[in-house]
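See below for the structure under consideration.
Both counts, for ligands and for their atoms, begin at 1 and track the order of listing. Side chains are part of it too, since the values below use all heavy atoms of this structure and drop only hydrogens, waters and symmetry mates. In this text, all values refer to a predicted model and were calculated from it rather than measured experimentally.
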Amino acid sequence: MNKKIKHAGALTAGIALTALLASCAVGPTPAEVDAATAQVIKSSFREQGIAKMDRLNLDASNQACSDSEGRPLDDKLAKAIEEANLKTVKLPADGKYLGNWAEGEKIAQNGRGLTWSDRPGEANGGSCYNCHQISKAELSYGSIGPSLYNYGKLRGVADPASEASKPIVEYTWGKLWNAKAYNACSGMPRFGHGGILSEQQIRDVMALLLDPKSPVNN
Ligand code: HEC
């Protein structure tokens, strides 16, 4: 009697294990999990105002960074992404890189833009303080990105129009235009490439960072 019960118990456990193994073998593949996840995300959002569903579409660069799940990308892939993004950078047509730092400070402070409650055609802000310290006068800032206080000064930009300053001026423009040009999986918005800031707004933010008269460099 006792033996029979034991036997029955072992049999039940065996059946359960077989069922578990079978369920593992026919369980969803990673591709199926991805598809199901995409479906859940898609069904969790709806269009409203200027915010359309195309926001959920990743471009090839974002897709590669998403697929890597936080692990560093393979060097070759990272280089290819950076090269492709660098190609999108449009330098200012008139060769003028710097605008007005006071306007730049307003743009850096402004966190509005691109949400369903923003009106079409309204200028966006840069939200720079969400991630960076910039001017010392602003005490509230995020620290996801490096401090940009003394940005131009620390890089020896005494005259932004000089030949000597050209590499750092061009790099900064490129970084603002498309942050992935220099860091494949950068978490910084691609301001020019994404149409978030206009060329003139980027000039003004450039002045905030690089104009020797800007409070950032004083
Ligand atoms: C969502 C966060 C985020 C926002 C918003 C953001 N950045 Fe960044 N930024 C970063 C991160 C993270 C880095 C460092 C990693 C990298 O280089 O991509 C960075 C790097 C930079 C660099 C390069 C610094 C260096 O020493 O090379 C500059 C310049 C810069 N940001 C300027 C800006 C400006 C100006 C704005 C607003 C127009 C802005 N960022 C908005 C996250 C952000």
Legend entry - Sub-4.0 Å atoms of ligand 1 with respect to non-hydrogen atoms of Arg155: 25 (C), 26 (O)

Inset, instruction - Give the atoms of ligand 1, by number and element, whose distance to some non-hydrogen atom of Asn183 is under 4.0 Å. - result: 15 (C), 16 (C), 17 (O), 18 (O)

Inset, instruction - Say whether, by atom type as modelled, one donor and one acceptor occur between the side chain of His132 and the main chain of Ser147 under 3.5 angstrom. - result: no

Legend entry - Flag if over 12 foreign heavy atoms under 6.0 Å of CG, Asp75: no

Inset, instruction - Give the numbers and elements of all ligand 1 atoms closer than 4.0 Å to a heavy atom of Ser186. - result: 16 (C), 18 (O)

Legend entry - Atom indices of ligand 1, in the order listed, that fall short of 4.0 Å to a heavy atom of Ser127: 5 (C)

Legend entry - Those atoms of ligand 1 less than 4.0 Å from some heavy atom in Val205: 35 (C)

Inset, instruction - Please write down residue, atom name and distance for the protein heavy atom closest to atom 12 (C) of ligand 1. - result: Ile144 O, 3.6 Å

Inset, instruction - Kindly say whether His193 contributes a backbone atom to a donor-acceptor pair with the side chain of Thr88 at under 3.5 angstrom? - result: no

Inset, instruction - Mark yes or no: Lys175 above the aromatic ring of Tyr182, with NZ or CZ under 6.0 Å from the six-membered ring centre and no more than 45 degrees from the axis. - result: no

Legend entry - Gln201 backbone acceptor or donor facing Ser198 side chain under 3.5 Å: yes

Legend entry - Ion pair Arg203/Glu199, N-O distance below 4.0 Å: yes

Legend entry - Atoms of ligand 1 close to Tyr151 [distance to a heavy atom under 4.0 angstrom, numbered from 1]: 29 (C)

Inset, instruction - Look only at the side chain of Tyr129 and the backbone of Ser135, and say whether a donor-acceptor pair between them is shorter than 3.5 Å. - result: yes

Legend entry - Part of Leu176 with heavy atoms under 4.0 Å of ligand 1, whether side chain, backbone, both or neither: side chain

Inset, instruction - Using a strict cut-off of 4.0 Å, indicate which atoms of ligand 1 neighbour a heavy atom of Gly187. - result: 1 (C)

Legend entry - Phe191 contact mode with ligand 1 (heavy-atom cut-off under 4.0 Å): side chain

Legend entry - Within-shell test, Tyr182 vs ligand 1, heavy atom, strictly < 4.0 Å: no

Inset, instruction - State plainly whether the residues Asp74 and Lys79 are in salt-bridge range, i.e. N to O under 4.0 Å. - result: no

Legend entry - Expected output: side-chain Ser186 to main-chain Asn183 donor-acceptor under 3.5 Å: no

Legend entry - Closer than 2.8 Å to atom 8 (Fe) of ligand 1 - protein N, O or S atoms, ordered by chain and residue number: His132 NE2, Met188 SD

Inset, instruction - Output yes when a side-chain donor or acceptor of Thr37 lies under 3.5 Å from a complementary backbone atom of Val33, and no otherwise. - result: yes

Inset, instruction - Please confirm whether the backbone N or O of Ser214 pairs with a side-chain atom of Asn217, one donor and one acceptor, at under 3.5 Å? - result: no

Inset, instruction - With heavy atoms of Tyr171 as the reference, note each atom of ligand 1 found under 4.0 Å away. - result: 23 (C), 25 (C), 27 (O)

Legend entry - Check: Glu82 and Leu77 side chains under 4.5 Å, non-hydrogen atoms: no

